[in-house]
Amino acid sequence: MTDCVAIIDYGSGNLRSAAKAFERAVAESGRAMAVKVTADAADLAAASHIVLPGVGAFADCKAGLHAVPGMVDALTQAVRRQAKPLLGICVGMQLMASRGLEHGVHDGFDWIAGDVAPLTPDDPALKIPHMGWNDLVESRGHPVLDGVRTGDHAYFVHSYALKPAVETELLMTCDYGGPVTAVVGRDNMIGTQFHPEKSQETGFKLITNFLGWRP
Amino acid sequence: MLKTRIIPCLDVKDGRVVKGVNFVDLVDAGDPVEQAKIYDREGADELCFLDITASSDNRETIYNVVGRTAEQCFMPLTVGGGVRVNEDIRKLLLAGADKVSINTAAVKRPEFVQEAANKFGTQCIVVAIDAKQVAPGKFEIFTHGGREPTGIDAVAWAERMVAYGAGEILLTSMDRDGTRKGFNLPLTRAIADAVTVPVIASGGVGTLDHLVEGVREGHAAAVLAASIFHFGDYSIGEAKAHMAAAGIAMRL
């Protein structure tokens with residue numbers, strides 16, 4: 001069976017550029033792999049890799065994901081029981097946390113222990129959202145971050161950030177009036193606060209590594 | 001730390017670049033996608049398309065351009081011009097835009113910004129403000145390319161737009177646009193200091209020092225320029241190096 005990366009479409013933002021970035025990474029790495037943007041929970045069973053994107057507010061994304069019939073169950077099954085590699089992006093990554101504190105308190109998947117709380121930079125002149133290119137700081141190595149190093153830039157746009165409760169699950173940070181979580185990971189799951197599909201070379205390295213990841 | 005962004009802007013009419021770079025090695029210099037690829041390669045931090053297509057019959061062409069660009073450029077793309085209803089935004093986002101800028105439609109009906117931000121998220125709603133200085137320390141919003149006064153105070157307007165969910169403000173100094181004399185710095189600073197979201201300064205850039213001033217004295221988070229890049233006066237790389245040499249944190 002050909003490997004397939006399923007990008008979950010639950011109505012959160014445009015997935016065209018994400019799909020294109022994955023397709024280019026597939027083509028350039030010479031892999032035989034299909035890229036499928038899908039709103040069909042059944043497709044997760046056939047996928048080898050899963051991408052959970054997300055833009056907007058935590059609760060809206062959660063509601064959108066729950067509104068797709070069977071998707072939350074299929075995702076939980078694929079990620080937690082079958083241990084398929086998962087990449088969460090932006091709010092998709094935040095949904096992996098225990099709780100989101102944006103517009104009320106909302107439960108997340110609780111796969112990465114910790115809360116998603118408002119950014120509170122120690123310099124009040126810093127703008128919210130944190131928008132633009134920031135340089136990454138490595139906390140610990142990970143196969144999906146192979147070749148992505150301290151000083152490499154990634155594109156961020158967010159007003160809330162995940163604070164992992166377990167130190168070893170924090171893989172990369174950036175500095176925005178204090179350390180801000182950039183990448184988290186545990187077992188077969190990894191999540192980026194930044195947008196790898198918009199982060200040019202840094203993003204391509206990460207996506208290419210993810211496609212080859214067999215945790 | 002977060003880097004200051006440089007954003008080149010392309011004017012697109014009926015799917016063609018109206019005022020673009022005269023790159024000799026381009027197969028089709030009028031193709032926005034060809035120009036976008038060059039900016040991508042040169043290290044632009046984002047890209048902006050301003051659709052100046054007059055006829056609504058030709059609106060479809062911009063979706064095609066955005067779609068083809070998103071297939072080849074993996075950098076954030078903002079599209080503005082003629083965005084009037086949520087359906088326009090939806091089409092642009094589906095085509096591959098990351099952010100959409102709203103200008104005249106916001107002035108006509110400010111609640112549109114609120115509705116758009118609620119539906120698509122504040123991260124993709126940019127409000128474009130065209131302002132002029134009307135008295136010392138007093139700035140007013142203009143529409144229709146700077147011809148129509150509105151009587152609206154620019155600072156109060158920017159604050160209102162942010163309260164309605166604008167994730168970013170694209171501020172054009174209309175009294176400087178096309179003059180190459182530099183941004184209106186008091187205007188830029190007044191807006192940038194008043195709002196919590198990033199402000200992109202635009203209008204009037206003629207030299208690389210103007211970009212530095214926009215950040216240093218105007219307190220802008222990003223600078224947008226068209227002419228200095230289009231006419232080949234400077235490359236994105238030169239602009240970034242100049243700003244970095246002036247002590248501004250750039251992604252080099």
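All chains are named by letter (A, B, ...) in the order of the sequence lines, taking the proteins before the strands, and each is independently numbered beginning at 1. Since we're looking at a predicted model, the values are computed, not measured.
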| field | Closest-packed option against chain A by number of heavy-atom pairs under 4.5 Å, given B/H219, B/E71, B/E46 | value | B/E71
| Top residue by heavy-atom pair count (under 4.5 Å) with chain B, among A/C174, A/G177, A/G132? | A/G132
| query | So which part of A/F156 gets closer than 4.5 Å to some heavy atom of chain B, the side chain, the backbone, both or neither? | reply | neither
| What do you reckon, are the aromatic ring centroids of B/F229 and B/Y234 less than 6.0 Å apart? | no
| Taking atom CZ of A/R149 as the centre, does the number of heavy atoms from other residues, nucleotides or ligands within less than 6.0 Å exceed 12? | no
| said: So if I take each residue of residues 245-252 of chain B and look for any heavy atom under 4.5 Å from a heavy atom in chain A, which residues do I end up with? | reply: B/R251
| query | Is the backbone N or O of A/D175 less than 3.5 Å from a side-chain atom of A/N134, with the two atoms forming a donor-acceptor pair by type? | reply | yes
| When only pairs under 4.5 Å are counted, which of A/A21, A/S199, A/S17 shares the most heavy-atom pairs with chain B? | A/A21
| note | Greatest number of non-hydrogen atom pairs under 4.5 angstrom with chain A, of B/V199, B/L77, B/D45, falls to B/D45
| request: Report the option among B/L2, B/L94, B/T196, B/L93 that has the most heavy-atom pairs separated by less than 4.5 Å from atoms of chain A. | output: B/L2
| field | Structural part of B/A97 lying under 4.5 Å from a heavy atom of chain A | value | backbone
| task | Name the member of B/A70, B/A95, B/C124 that forms the most heavy-atom pairs with chain A at distances under 4.5 Å. | result | B/A95
| task | Check whether B/K99 gets within reach of chain A through its side chain, its backbone, both or neither, counting any heavy atom under 4.5 Å. | result | side chain
| task | Check B/N86 against B/E115 and note the closest heavy-atom contact, atom names and distance. | result | ND2-O, 4.0 Å
| query | Who among B/G167, B/G96, B/A221, B/P198 has the most heavy-atom pairs with chain A under 4.5 Å? | reply | B/P198
| query | Where on A/H158 is there a heavy atom nearer than 4.5 Å to chain B: the side chain, the backbone, both, or neither? | reply | neither
| said: According to side chain to side chain donor-acceptor pair (under 3.5 Å), who are the partners of B/D40, at least two apart in sequence or on a separate chain? | reply: A/Q200
| field | Pair A/D43 + A/K36: basic N to acidic O under 4.0 Å | value | yes
| task | Mark yes or no for whether A/K127, through its side chain, and B/A192, through its backbone, hold a donor-acceptor pair below 3.5 Å. | result | yes
| Neighbour count >12 (heavy atoms, 6.0 Å) for atom CD, A/E167 | no
| query | Salt bridge check: are B/K37 and B/D31 linked by an N-O gap of less than 4.0 Å? | reply | no
| query | About how many Å separate CD1 of A/I112 and NZ of A/K163, when rounded to the nearest 0.5 Å? | reply | 16.0 Å
| query | Counting only heavy atoms not in B/R84, do more than 12 sit closer than 6.0 Å to its CZ atom? | reply | no
